[in-house]
Amino acid sequence: MLTGSTIVGLGRYVPAHVLSNAELGERVGTTDEWIQSHTGIRERRIAAPDEASSDLAYGAAREALQAAGVAPGDLDLIVVGTTTPDMVFPNVACLLQYRLGTRTVGCLDVSAACSSFMYGLSVAHGAIVSGQARTVLVVGAETLSRITNWRDRSTCVLFGDSAGAVVLRPARPGSGFLSFSLGGDGGGRHQLYLAAGGSRRPASFETVERQEHYISMVGPEVYKFAVRAIPEAAAAALRNASLTTADIDFVIPHQANIRIIESAARRLGVPIEKFYINVQSYGNTSAASVPVALYEAVKAGRVRDGDLGVMVAFGAGYTWGACAIRWGGAA
């Protein structure tokens with residue numbers, strides 16, 4: 001009897017261009033030392049002028065499908081988590097479906113800011129468990145460089161571009177995804193947001209002049225939220241699976257800021273050594289953050305068959321999401 005889903009293939013795509021702290025510091029009047037001490041970031045990747053989120057998603061998806069031994073025509077559903085779609089519509093998933101050359105399958109984007117990939121995993125898992133799908137592609141892809149104000153020192157040092165992808169298929173009982181915990185609180189809507197470009201403030205000369213198409217963030221408030229949300233969401237996912245922090249072998253957190261990760265580790269009561277951290281190389285890549293970190297953790301041998309772990313993220317909205325997973329166990 002099939003009771004769940006698990007990850008059977010991973011892929012990653014990072015743009016070729018590396019933007020170092022030294023280069024960025026010259027633009028906005030800061031230093032490599034300041035950026036690293038406050039964020040843990042050394043460099044980030046920036047998409048080429050002709051690269052959009054669907055292009056990054058395509059690179060990651062192709063690798064994930066190949067790793068899974070799955071042909072595009074085997075897919076039953078495509079889910080893309082993103083805050084930076086190529087356009088308002090059609091969605092990135094449809095653009096990706098066409099480029100992959102799959103058959104006509106369900107295609108949807110999930111928009112929950114940096115939590116989008118976690119929400120997407122939950123959607124994919126539900127589709128498999130309910131019998132609506134057997135093979136699902138889930139991608140987190142972002143080109144945050146397109147909505148970053150590169151003259152705003154408080155935000156531009158944080159963000160980068162990348163994509164990560166996974167293929168889900170049915171799992172044996174007791175393996176794969178064991179639980180999910182998702183949440184949201186619209187009370188944080190004015191603390192991390194992009195004001196213009198939607199139906200409330202359509203694009204206009206005034207919105208462009210006021211630079212309202214860039215990320216706005218109240219940093220201290222976001223930090224206070226994040227250091228609570230990560231451990232609380234992770235703990236909830238563990239409770240939902242009847243597990244404790246003593247049971248877990250690895251944690252894949254959203255890579256927003258090294259201080260947030262370290263504080264969350266202390267509050268959760270899990271040694272920081274169990275957290276996979278790559279924020280130094282990519283910065284905050286929103287929905288792509290968790291799948292890229294997971295990809296690298298597996299490649300580095302930090303996640304092995306049978307290991308028990310947690311993936312967790314928080315995002316604007318506010319949103320948050322976590323899951324408990326026993327690695328491997330494909331049916």
Ignoring hydrogens and geometry beyond distance, is a side-chain donor-acceptor pair present between [X] and [Y] at under 3.5 Å?
X: Tyr13; Y: Glu51; result: yes
X: Arg153; Y: Thr30; result: no
X: Gln97; Y: Thr102; result: yes
X: Glu33; Y: Thr31; result: no
X: Ser53; Y: Thr84; result: yes
X: Thr143; Y: Asp161; result: no
X: Asn21; Y: Arg44; result: yes

Salt bridge [X]-[Y], side-chain N to carboxylate O under 4.0 Å:
X: Asp55; Y: Arg99; answer: yes
X: Asp76; Y: Arg103; answer: yes
X: Arg27; Y: Glu23; answer: yes

Quick one: closest heavy-atom pair of [X] and [Y], and the distance?
X: Thr148; Y: Ile215; answer: OG1-CD1, 4.0 Å
X: Leu77; Y: Ala127; answer: CD2-CB, 3.9 Å
X: Pro170; Y: Thr6; answer: O-CG2, 4.1 Å
X: Ala237; Y: Ser181; answer: N-CB, 3.8 Å
X: Gly160; Y: Leu144; answer: O-CB, 3.7 Å

| request: Before giving the answer on side chain to side chain contact (heavy atoms under 4.5 Å, CB included), spell out for Ile147 and Phe159 the whole-Å C-alpha distance, their side-chain angles and the decisive distance to 0.1 Å. | output: CA-CA 10 Å; Ile147 58 171; Phe159 301 112; over 6 Å; no

Can you find a heavy atom in the side chain of [X] that is under 4.5 Å from one in the side chain of [Y]?
X: Cys94; Y: Asn91; result: yes
X: Ile261; Y: Ile230; result: no
X: Ile41; Y: Val157; result: no
X: Ser204; Y: Glu206; result: yes
X: Leu137; Y: Leu100; result: yes
X: Val79; Y: Val136; result: yes
X: Leu56; Y: Val139; result: no
X: Phe225; Y: Asp185; result: no

Distance-only check: which donor-acceptor pairs under 3.5 Å involve side-chain atoms of residues 316-323, not counting sequence neighbours?
{"unit_1": "Tyr318", "atom_1": "OH", "unit_2": "Gln191", "atom_2": "OE1", "d": "2.3"}
{"unit_1": "Thr319", "atom_1": "OG1", "unit_2": "Ala112", "atom_2": "O", "d": "2.9"}
{"unit_1": "Thr319", "atom_1": "OG1", "unit_2": "Ser115", "atom_2": "OG", "d": "2.9"}

Point-to-point distance, once rounded to the nearest 0.5 Å, from [atom1] of [X] to [atom2] of [Y]:
X: Arg151; Y: Cys156; atom1: CZ; atom2: SG; value: 11.0 Å
X: Arg326; Y: Leu178; atom1: CZ; atom2: CG; value: 6.5 Å
X: Leu238; Y: Leu268; atom1: CG; atom2: CG; value: 7.0 Å
X: Glu212; Y: Tyr214; atom1: CD; atom2: OH; value: 12.0 Å
X: Ile248; Y: Leu243; atom1: CD1; atom2: CG; value: 9.0 Å
X: Leu65; Y: Leu75; atom1: CG; atom2: CG; value: 5.5 Å

| task | For the residue pair His38 and Trp34, categorise the inter-ring angle as parallel (less than 30°), tilted (30 to 60°) or perpendicular (more than 60°). | result | parallel

| Around atom CZ of Arg62, are there more than 12 heavy atoms of other residues, nucleotides or ligands at under 6.0 Å? | no

Can you give me every donor-acceptor pair (side chain of residues 285-298, partner residue at least two apart or in another chain, under 3.5 Å) with its distance?
{"unit_1": "Thr285", "atom_1": "OG1", "unit_2": "Ser162", "atom_2": "OG", "d": "3.2"}
{"unit_1": "Thr285", "atom_1": "OG1", "unit_2": "Ser289", "atom_2": "N", "d": "3.2"}
{"unit_1": "Ser286", "atom_1": "OG", "unit_2": "Glu142", "atom_2": "OE2", "d": "2.9"}
{"unit_1": "Ser289", "atom_1": "OG", "unit_2": "His254", "atom_2": "ND1", "d": "3.1"}
{"unit_1": "Ser289", "atom_1": "OG", "unit_2": "Gln255", "atom_2": "N", "d": "2.6"}
{"unit_1": "Tyr295", "atom_1": "OH", "unit_2": "Glu63", "atom_2": "OE2", "d": "2.5"}
{"unit_1": "Glu296", "atom_1": "OE1", "unit_2": "Tyr276", "atom_2": "OH", "d": "3.2"}
{"unit_1": "Glu296", "atom_1": "OE1", "unit_2": "Asn278", "atom_2": "ND2", "d": "3.1"}
{"unit_1": "Glu296", "atom_1": "OE2", "unit_2": "Arg12", "atom_2": "NH1", "d": "2.7"}
{"unit_1": "Glu296", "atom_1": "OE2", "unit_2": "Tyr282", "atom_2": "OH", "d": "2.5"}

Donor-acceptor contacts, no H, no angles, side chain residues 217-224, under 3.5 Å, sequence neighbours left out:
{"unit_1": "Glu221", "atom_1": "OE2", "unit_2": "Lys224", "atom_2": "NZ", "d": "3.0"}

